[in-house]
Structure formats: structure tokens, C-alpha cells
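First listed ligand is number 1; within each ligand, the first listed atom is number 1. What you see below is based on every heavy atom in this structure, not just the backbone, and it leaves out hydrogens, waters and symmetry mates.
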Amino acid sequence: MGEISNGTPEISHSKRLDYISWHEYFMATAFLAAKRSKDPVTQVGACIVSDENKIVGIGYNGMPIGCHDDHFPWGKEGHETKHLYVCHAEMNAIVNKNCTTLNKCRMYVALFPCNECAKFIIQSGIREVIYMSDKYAQKCSTIASKKMFDAAGVEYWQYTPMNRRLVIDFSEIDWNSMQQVPTSPLKDLKLQES
Ligand SMILES: Nc1ccn([C@H]2C[C@H](O)[C@@H](COP(=O)(O)O)O2)c(=O)n1
């Protein structure tokens with residue numbers, strides 16, 4: 001927003017052009033969910049989207065409900081590893097769904113799904129998987145996933161982001177220059193601080 005000579009903000013009448021695409025929006029949502037993960041090595045987020053571009057499920061990798069993050073292992077070596085316990089992001093996104101069916105949905109996920117999640121994805125009716133990293137491409141579990149997706153007709157493709165970075169800046173919106181009733185929480189916070 002620019003400013004006209006008398007100090008009043010100038011309001012543009014044409015639409016913004018630097019908005020993010022649907023793919024960017026949903027992949028970024030998966031990455032934001034991954035920020036909730038306590039896994040010290042690999043943080044994964046998944047976002048399920050309907051054929052009307054509505055988000056219907058979100059998840060990240062974490063311990064099951066009731067299995068406290070501080071009481072279960074996060075290591076990869078030895079008998080007791082995180083792999084015995086952690087729920088994968090894809091599985092969590094599926095069980096967290098807020099609609100009756102995931103038929104014809106697509107999933108945005110930070111890491112290519114393992115074979116166990118691939119089974120869940122296929123059985124749930126998800127038709128497309130958009131992933132970012134394929135760092136375990138050589139693992140038997142990833143090879144098995146691709147074999148099952150190919151047989152079941154689930155499409156998958158690697159996402160290449162338009163922007164390397166997407167920054168969320170909570171101070172970006174200048175609440176003070178806006179007339180709002182009631183005032184926003186951020187504005188109240190600023191008033192309390194001053
Ligand atoms: N598609 C995937 C693959 C893995 N995860 C989770 C499971 C673990 O918490 C972590 C992988 O750990 P690493 O072996 O890389 O130390 O990521 C998932 O949620 N989805």
C-alpha cells in the first residue's frame with residue numbers, strides 16, 4: 001500500500017499478483033505442521049486437500065496419544081528406537097480428517113510415504129501424493145510404496161517450490177493503520193506494552 005500526499009494510505013483497485021499458488025499454500029501448510037514435530041532428526045508434515053481445494057486433514061510425526069514425548073525414545077540406535085513408536089505424519093493426517101471420506105483427495109507431504117503409510121493412503125481413497133523430499137528413495141519401504149501406488153493408480157510427483165523461502169512475519173500487517181472494531185489482539189498487546 002502506498003501513500004498519497006496528505007498521508008492517507010492509497011488503496012489499490014487491482015488484485016494483488018504476488019499471492020502464493022495452491023500447491024505452495026498446501027505444501028507450506030505441511031511444512032508448518034512439521035514444525036510441531038519433536039523428532040530431532042526428521043520432521044515431517046502432511047496436509048490432505050479435497051478436490052475443491054479445501055484442507056481436510058493435517059498431521060505431523062509424533063508419539064501416539066498418551067505416550068509422552070519425554071518418556072519414549074527419540075534415538076535411532078539400539079533396541080528401543082523411535083521407529084517402534086512414532087506415528088507418521090501421513091497416518092496422523094488421515095486419522096485427523098474432518099470429513100467423511102478422503103475419496104479423490106490429494107496429500108501434500110514433506111517426505112515420500114513409507115510402505116505402511118502408502119497402504120493407508122490407498123485404502124483411504126487419496127488419489128494423488130505430492131511430496132518434497134525422497135531422501136529414502138533407496139529403502140525397500142519406499143520402493144514398496146511406489147510399487148503399490150503404481151498398482152493402485154495413485155499418482156505421485158515431486159514438488160519444486162517457486163520460492164526457496166516463504167516467510168511468516170506476524171508484524172507484516174500494520175494493524176495500527178487500520179480502522180477495526182473491535183481491535184485486534186495484536187493491537188491490544190501493543191497498547192498494553194506501551
Ligand atoms: N514418510 C515418512 C517417513 C518418516 N516419517 C517419520 C518417522 C520418524 O519420526 C522420522 C524419520 O526418522 P529418521 O529415520 O529420518 O531419523 O520421520 C514420517 O512421518 N513420514
Taking 4.0 angstrom as the limit and counting only heavy atoms of [X], give me the atoms of ligand 1 inside it, by number and element.
X: Val41; result: 16 (O)
X: Lys135; result: 15 (O)
X: Lys82; result: 12 (O), 13 (P), 16 (O)
X: Tyr136; result: 13 (P), 14 (O), 15 (O)

Should the pair Tyr156 and Tyr131 be assigned to parallel (<30°), tilted (30 to 60°) or perpendicular (>60°) ring geometry?
->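 Because their plane-to-plane angle lies in the 30° to 60° range, the rings of Tyr156 and Tyr131 count as tilted.
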
In terms of ring plane angle, is the pair Trp22 and Tyr25 parallel, tilted or perpendicular, where the classes change at 30° and 60°?
->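 The arrangement is tilted - the two ring planes meet at 30° to 60°.
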
Mode of [X] contact toward ligand 1 - side chain, backbone, both, neither (heavy atoms, under 4.0 Å):
X: Tyr60; value: neither
X: Asp39; value: side chain
X: Met63; value: neither
X: Gln43; value: neither

Starting from [atom], which protein heavy atom do you reach first, and at what distance in Å?
atom: atom 17 (O) of ligand 1; answer: Asn61 ND2, 3.3 Å
atom: atom 11 (C) of ligand 1; answer: Thr42 CB, 3.7 Å
atom: atom 14 (O) of ligand 1; answer: His83 CE1, 3.1 Å
atom: atom 2 (C) of ligand 1; answer: Glu90 OE2, 3.4 Å
atom: atom 19 (O) of ligand 1; answer: Ala89 N, 2.9 Å
atom: atom 4 (C) of ligand 1; answer: His88 CE1, 3.7 Å
atom: atom 3 (C) of ligand 1; answer: Leu111 CD2, 3.5 Å

Tyr60 versus Asp39, side-chain donor and acceptor atoms under 3.5 Å |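 There is no such pair (donor and acceptor under 3.5 Å, judged by atom type) between the side chains of Asp39 and Tyr60.
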
Using only heavy-atom distances, determine whether the side chains of Glu80 and Tyr85 contain a donor-acceptor pair under 3.5 Å.
->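 Looking only at side-chain atoms, Tyr85 and Glu80 do form a donor-acceptor pair, the distance falling under 3.5 Å.
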
Ser145 (side chain) donor-acceptor with Ser141 (main chain) under 3.5 angstrom |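 Between the backbone of Ser141 and the side chain of Ser145 there is a qualifying donor-acceptor contact (under 3.5 Å).
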
Side chain proximity check, His88 to Cys114, heavy atoms < 4.5 angstrom =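 Yes, side chains in contact.
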
Given side chains that start at C-beta, do those of Ser37 and Val44 come closer than 4.5 Å, heavy atoms only?
->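 A side-chain contact is absent here, since even the closest heavy-atom pair is not under 4.5 Å.
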
Is the NZ or CZ atom of Lys146 positioned over Phe112's six-membered ring, under 6.0 angstrom from the centre and within 45° of the axis?
->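 Flagged: Lys146 positioned over aromatic ring of Phe112.
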
Between Phe112 and ligand 1, is there a nitrogen or oxygen pair with a distance under 3.5 Å?
->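 There is such a contact, yes.
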
